[in-house]
Amino acid sequence: MYRVDLKDGADLAGFRRALRGLVALDVEPDEVNWSGGNAPSLFGDAALLPVDAPPVPLPRPVGALIESVVCHRDPERYALLHRLVRRVVRGERGILDHHADPLVHRLALLDKAVRRDLHKMHAFLRFHEVRDPASSEGPGAERYVAWFEPDHFIVEATAPFFVERFESLVWSILTPVGSLHWDRRSLTVGPAALRPEGLDRDDRFAEGWQRYYESTFNPARVNPTAMRAEMPRKYWANLPEAAAIPAMIRSAPARVQAMIEAEAAAPRRRNPDKAVAAMARQEPATLAELNRIIRGADPLVPGATQAVLGEGPEGAAIAIVGEQPGDQEDVEGRPFVGPAGQLLSRALEEAGIERSAAYLTNAVKHFKFVARGKRRLHQSPTAGEVKHYRWWLMKELSFVRPRLVVTLGATAALALTGRSVSVLRERGPMGFGQTGLGDWDGFVTVHPSYLLRLPAGEAAEQAYRDFVADLRRAREMVEGAG
Ligand code: URA
């Protein structure tokens with residue numbers, strides 16, 4: 001009989017080590033006591049396993065399943081995984097395809113429960129701002145603390161997600177099964193914690209979340225049953241925005257009616273500045289940090305594949321701002337790679353601007369579309385949506401520090417000026433600094449997709465030549481200024 005002592009919680013490294021020994025010695029699953037923690041062995045004459053056995057090569061999906069299932073609370077998890085691995089090393093390499101196999105089925109359920117728990121922790125954990133009297137950064141330094149009660153031992157597994165998302169904050173995540181502490185440089189994994197008293201008192205971060213939630217809440221979509229399924233009541237206690245839910249549900253019918261009445265008169269208004277500013281209180285210190293925040297944010301428009309970030313060198317003399325990523329950009333995750341982007345590349349070359357030396361970005365970072373069968377048809381962002389993304393654009397440009405910002409089309413011009421610009425009438429140099437939104441010398445020109453929409457002919461060719469002339473002029477302005 002063999003005894004394996006693993007740490008409490010999810011001891012992936014310990015399990016892997018034990019597995020090597022068990023496989024090397026060809027031990028039957030029934031011969032192993034996975035005691036774990038300090039539990040006494042049920043077997044007096046337990047033998048310890050060799051520690052230096054070679055790694056066990058496993059198919060990737062089996063490795064991924066192990067990583068997930070070790071996080072489950074089920075005390076039988078290690079024994080079940082050992083059974084699985086033994087069958088794999090004995091030749092059943094495609095075992096996970098046999099969904100009806102009782103062992104595979106049971107492990108799949110454990111895996112699903114862990115994934116769901118991870119999703120809940122990613123989505124429903126909320127930081128609260130506290131002043132830390134003992135901070136190494138000085139008494140009263142800002143620190144964020146979150147309390148969460150996961151169902152399984154997932155705390156360490158969530159660490160990469162939170163480090164990436166909140167890299168620029170000092171934070172602690174406390175749970176009854178372990179804690180994580182991040183000081184902007186290194187992560188420490190700590191013991192289980194008790195819920196701190198008064199966490200949600202005097203809390204600007206929580207307030208920001210609540211405002212954001214309220215501003216994005218659509219009363220017309222209220223479905224309390226679905227809301228509870230997606231956001232079980234258990235998590236409400238830790239969610240600042242949950243305080244607003246009952247009132248928002250109660251007032252939903254009246255708000256829907258008001259929306260219907262207001263719709264005819266004016267487009268729906270959100271409060272994008274407040275919402276994004278609240279979300280962005282992390283104050284990213286670098287472009288990379290900002291990009292991490294953008295990448296982690298939900299698209300304003302559901303269905304987009306990913307945020308498409310700006311591309312090009314920081315310190316580029318010219319920044320070129322488009323409207324939003326198109327279908328191809330959304331899939332590839334890079335700006336201006338589709339048909340309009342190709343036309344832009346050609347025009348830049350003819351104007352003497354090296355594309356790779358310019359900084360290319362968009363006013364809106366997610367693709368907005370309507371699905372028509374398999375096709376995704378571009379939809380222009382509303383003024384509110386442009387405003388929602390503007391904080392990021394301004395921050396982005398402040399990191400890039402271009403000498404000239406060239407806007408392509410009306411949406412980009414709206415983002416930089418805060419007003420509706422008639423591109424064909426106002427094209428040319430424009431001081432964006434006078435708008436109070438940012439302080440850049442600007443240049444307004446048409447969007448390349450406008451050129452693509454013109455019917456082929458002399459007018460289209462002239463429009464293209466005018467576009468190249470605009471870009472050339474922009475280059476000369478920069479060279480003159482330089
Ligand atoms: N159009 C844009 O405005 N931006 C892109 O990235 C691609 C097409």
Side-chain angles (χ1 to χ4, degrees), residues 287 290-291 294-295 297 299-301 303-313 316 318-349 351 353-370 375-390 392-394 396-397 400 402 404-417 420-424 427 430 432 440 442-454 460 463-464 466-468 470-471 474:
L287 183 57
L290 173 69
N291 281 341
I294 298 176
R295 209 183 286 122
L300 190 60
V301 181
T305 312
Q306 56 193 313
V308 176
L309 306 172
E311 186 176 277
I318 297 185
I320 298 173
V321 182
E323 179 192 82
Q324 61 164 328
D327 184 273
Q328 222 164 306
E329 287 81 11
D330 172 70
V331 173
E332 288 189 35
R334 292 185 53 211
F336 291 106
V337 289
Q342 286 158 24
L343 187 66
L344 174 65
S345 295
R346 203 178 106 206
L348 285 172
E349 195 181 338
I353 300 173
E354 208 181 311
R355 175 175 162 140
S356 61
Y359 184 84
L360 269 59
T361 191
N362 282 299
V364 169
K365 307 295 189 225
H366 292 101
F367 179 38
K368 182 181 178 187
F369 62 93
V370 279
R375 294 178 62 216
R376 304 192 300 169
L377 303 183
H378 164 276
Q379 290 237 291
S380 297
T382 63
E385 285 158 353
V386 172
K387 201 169 171 193
H388 189 112
Y389 284 83
R390 181 182 293 141
W392 285 336
L393 177 64
M394 295 299 162
E396 184 183 12
L397 292 175
V400 177
L404 185 72
V405 178
V406 176
T407 57
L408 306 179
T411 300
L414 168 69
L416 266 297
T417 62
S420 148
V421 173
S422 165
V423 172
L424 288 176
R427 71 195 299 171
M430 187 179 286
F432 294 151
W440 293 282
F443 195 105
V444 171
T445 186
V446 297
H447 194 285
S449 59
Y450 155 78
L451 302 174
L452 289 173
R453 283 196 302 270
L454 291 175
Y464 176 73
D466 292 345
F467 181 52
V468 173
D470 277 352
L471 294 176

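Order of appearance sets the numbers: ligands from 1, and atoms from 1 within every ligand.
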Which ligand 1 atoms does P335 reach within 4.0 Å, using its non-hydrogen atoms?
6 (O)
Can you check whether F336 has an N/O within less than 3.5 Å of an N/O in ligand 1?
yes
For ligand 1, which atoms sit closer than 4.0 Å to a heavy atom of G322?
3 (O)
First locate atom CZ of F432, then atom CG of L416, and finally report the distance between them rounded to the nearest 0.5 Å.
4.5 Å
For A410, all residues meeting side-chain contact (heavy atoms from CB on, under 4.5 Å), sequence neighbours excluded
V423
Just to verify, which of E385, K365, K368 counts as forming a side-chain contact (heavy atoms from CB on, under 4.5 Å) with Q324?
K368
Region of Q324 that comes within reach of ligand 1 [heavy atoms, distance under 4.0 Å]:
backbone
Heavy-atom distances under 4.0 Å decide this one: backbone, side chain, both or neither, for E323 against ligand 1?
both
Taken in chain and number order and not counting sequence neighbours, the residues that satisfy side chain to side chain donor-acceptor pair (under 3.5 Å) with Y450 are none
Does ligand 1 have any atom that is closer than 4.0 Å to a heavy atom of H447?
yes
Nearest non-hydrogen protein atom to atom 4 (N) of ligand 1, with distance, is N362 OD1, 2.7 Å
Sole candidate of R375, Q379, R376 that passes side-chain contact (heavy atoms from CB on, under 4.5 Å) when paired with V370
Q379
On the ring face of F336, is R355 found with NZ or CZ under 6.0 Å from the centre and within 45° of the axis?
no
